[in-house]
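Heads up: the structure comes next, in structure tokens.
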Amino acid sequence: MDVMGDKATLFETGRFVQPSRQDEAEEVADDAAEEVRRRLAAEAGDIEAMSVLGAMLLRRDDLDGAEPHLRAATAAGDRAAANNLGVLLHQRGYADEAAGWWRIAAVAGSAAAAHALGRHHRERGDEPAAEYWLRQSAEQGHTLGAYALADLLEHRGDGAERWLRAAAERGHREAAYRLARALDHRAAAEEETGADDGASLLEEAEQWYRQAAARGHRRAALHLGAILEKRGELKEAGRWYLTSAKDGEARAACALGFLLRDAGDTESAAVWWLRAAQDGDGNAANALGALHAERGEPQTAERWYRAAMDAGDDNGAYNLALLCAEQGRTAQAEQWYRRAAYAGHREAANALAILLLQGGDAAGAEPWFSKAAEAGSVDAAFNLGILFAGRGEEPVALRWYERAAAAGHTEAALQVGIARLRDGDEPEAERYLRCAAGGGSAEAAYRLATVLDARRPPAPAHELGESVHEKTECEEWYERAAGQGHRRAQVRVGMLAAARGDVVEAARWYRRAAEAGSRNGAFNLGLLLAREGSEPEAAVWWTRAADAGHGRAALRLALVYARRGELAEGQRWADRAVSLGPVEVAERAARLRDALRQELSA
């Protein structure tokens with residue numbers, strides 16, 4: 001019996017089912033009877049009995065009782081006894097003597113002894129000897145030998161996957177976990193190079209995580225939970241997080257907290273975050289801080305943010321800075337932003353730069369924007385674009401806008417699109433405007449619509465009330481911008497509806513624009529109402545437009561009051577139209593004003 005292998009399994013990988021008291025009593029009785037039988041046989045000179053009896057006593061940590069039996073069996077050539085004698089001597093602190101007996105047992109073919117001897121040489125720093133004996137053990141099918149060899153090869157960067165797989169296939173849970181991690185890393189590398197094997201590697205990794213987790217490996221359970229959560233299988237993910245968290249994995253407790261929070265159970269989430277935070281998880285401490293901040297408990301929030309910092313989480317300083325900024329404690333906010341920024345927190349660097357810029361320190365803000373942008377902050381790249389554009393350095397600003405746009409920043413894509421339009425590069429402008437419009441920018445949707453609109457052939461004239469035609473793409477973009485509250489787009493949608501003969505739709509959009517403050521919307525609504533015979537209401541909207549500086553609306557009002565015979569009021573609005581323009585309106589208004597003046601003086 002090779003006890004070294006059994007003991008290693010016992011201490012490193014075994015998980016035990018707790019026996020009932022009756023089973024335990026029966027097992028003790030059986031062991032006692034077996035020991036008596038082995039002792040009698042050993043006294044009669046049975047070598048195998050000596051070896052087994054020594055192993056039994058060794059398992060009970062009765063080193064003094066085990067040693068004479070193991071020495072006697074070893075002297076008679078029993079390799080298992082030699083291996084176990086090595087274990088006993090190693091436990092007594094006689095490592096070199098233990099190695100001598102392990103060598104004897106290993107040469108005789110003991111895989112467990114070869115494993116023990118390999119580990120002995122590795123502890124001594126003799127890696128070639130360690131590899132030799134561990135390989136002997138692994139090639140004989142010894143699970144712990146395969147795992148130890150894989151660990152040695154992985155340490156040297158020498159390709160350990162084969163032996164990890166061998167150990168994992170024989171049920172070694174740590175080997176299964178490490179094999180899964182290796183497959184994970186390979187899948188990530190394959191994804192970067194664009195290879196097609198990534199999905200199959202991830203699928204295999206999941207199976208090994210599952211095997212290790214089922215055997216009680218808490219980190220494997222954590223990773224399995226993360227895989228399932230990413231796939232949307234939240235119920236099963238929660239079960240594995242719970243298993244891992246109960247075994248003491250703080251990250252799993254934290255992840256479980258987030259799952260519970262997303263499910264609406266904030267109280268239970270706080271319990272798990274508290275458990276994780278008390279075990280030193282900075283992410284959980286930050287989550288507790290945010291929870292208390294939302295509840296209006298800034299002092300408690302600050303305490304947890306500080307706990308996150310103590311746990312080495314830079315987000316703690318960043319969140320504390322945000323808390324101080326919300327409370328108007330600008331000096332403290334700057335202090336914490338700086339701490340997080342110096343630690344490499346890119347969003348803190350961006351926030352610090354904004355704070356400095358708001359304080360008038362543009363020169364101090366620029367390097368922090370640059371640091372954040374170089375670290376990958378898309379917002380910082382966009383802010384650098386704004387900073388350089390404000391200085392009139394348009395080429396530099398455009399480079400930063402392009403960088404932010406390439407990372408998906410909607411407003412940056414809009415700015416690049418506008419710049420390309422200004423340069424006359426319509427195809428590139430359209431590409432960027434489409435990106436920004438697709439990202440939700442109303443201004444980009446409007447400008448894209450104007451680009452497409454300019455390419456359309458002239459539409460045939462329509463009379464109000466005629467049937468509508470199918471909408472073009474540019475109309476769809478106008479409508480998207482209009483639906484987001486873009487006033488010029490609303491006016492344009494109204495104009496297109498009017499051109500189609502859809503009076504109701506035109507009036508609806510003109511009214512929305514006018515009520516939002518668009519003078520063109522108010523003017524066009526007035527025209528529509530006047531055409532429909534509602535001149536008094538039209539005058540109300542023209543008045544609003546004229547008060548906002550719309551010259552044509554003022555001219556219309558002058559004509560309305562002139563027709564009504566209210567010459568003085570008509571002259572007043574004609575004077576206003578002359579001052580507002582444009583030129584052709586001013587000329588017509590001047591002629592009307594002169595005619596009204598003559599009429600009044602007659």
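Everything quoted here is computed from the prediction, not taken from an experiment.
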Quick check: closest heavy atoms across [X] and [Y], and the distance to 0.1 Å?
{"X": "Arg511", "Y": "Leu525", "answer": "CA-CD2, 3.8 Å"}
{"X": "Gly494", "Y": "Ala506", "answer": "O-CB, 3.3 Å"}
{"X": "Ala276", "Y": "Ala253", "answer": "CB-CB, 3.8 Å"}

Would you check if the side chain of [X] reaches a backbone N or O of [Y] as a donor-acceptor pair within less than 3.5 Å?
{"X": "Asp281", "Y": "Asn283", "result": "yes"}
{"X": "Ser579", "Y": "Arg576", "result": "yes"}
{"X": "Thr543", "Y": "Ala539", "result": "yes"}
{"X": "Glu161", "Y": "Leu179", "result": "no"}
{"X": "Arg346", "Y": "Lys371", "result": "no"}
{"X": "Tyr241", "Y": "Glu236", "result": "no"}
{"X": "Glu428", "Y": "Arg420", "result": "no"}

Between His486 and Tyr446, how do the two ring planes meet: parallel, tilted or perpendicular, split at 30° and 60°? parallel
Determine whether the aromatic ring centres of residues Trp368 and Tyr342 are separated by less than 6.0 angstrom.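 Aromatic pair counts; centres sit under 6.0 Å.
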Are Phe369 and Trp400 an aromatic pair, judged by ring center distance below 6.0 Å? no
Residue pair Leu555 / Leu592, side-chain heavy-atom distance below 4.5 Å: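 A side-chain contact exists here, since the closest heavy-atom pair is under 4.5 Å.
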Looking at [Y] and [X], is there a salt bridge between them, counting it only when a charged N and a carboxylate O are closer than 4.0 Å?
{"X": "Glu267", "Y": "Arg295", "value": "yes"}
{"X": "Glu566", "Y": "Arg572", "value": "no"}
{"X": "Arg338", "Y": "Glu334", "value": "yes"}
{"X": "Arg181", "Y": "Glu206", "value": "no"}
{"X": "Arg597", "Y": "Asp594", "value": "yes"}
{"X": "Arg552", "Y": "Glu584", "value": "yes"}
{"X": "Glu190", "Y": "Arg186", "value": "no"}
{"X": "Arg492", "Y": "Glu479", "value": "no"}
{"X": "Glu505", "Y": "Arg508", "value": "yes"}

Cut-off 3.5 Å, no hydrogens considered: what does the side-chain donor-acceptor table look like for residues 379-396, sequence neighbours left out?
| unit_1 | atom_1 | unit_2 | atom_2 | d |
| --- | --- | --- | --- | --- |
| Asp379 | OD1 | His409 | NE2 | 3.4 |
| Asn383 | ND2 | Asn350 | OD1 | 2.9 |
| Asn383 | ND2 | Asp379 | O | 3.2 |
| Arg391 | NH1 | Glu366 | OE1 | 2.9 |
| Arg391 | NH2 | Glu366 | OE1 | 2.9 |

Ring pair (Phe, Tyr, Trp, His ring centres under 6.0 Å) for Phe258 and Trp273? Distances and angles first, verdict last. CA-CA 8 Å; Phe258 282 112; Trp273 283 333; 5.1 Å; yes
Indicate whether the side chain of [X] and that of [Y] have a donor and an acceptor atom separated by less than 3.5 Å.
{"X": "Tyr305", "Y": "Asn315", "result": "no"}
{"X": "Arg339", "Y": "Tyr318", "result": "no"}
{"X": "Trp336", "Y": "Gln332", "result": "no"}
{"X": "Glu475", "Y": "Thr472", "result": "yes"}

Assess whether side chain to side chain donor-acceptor pair (under 3.5 Å) is satisfied between Asn520 and Tyr510, documenting all intermediate values. CA-CA 8 Å; Asn520 285 329; Tyr510 287 150; over 6 Å; no
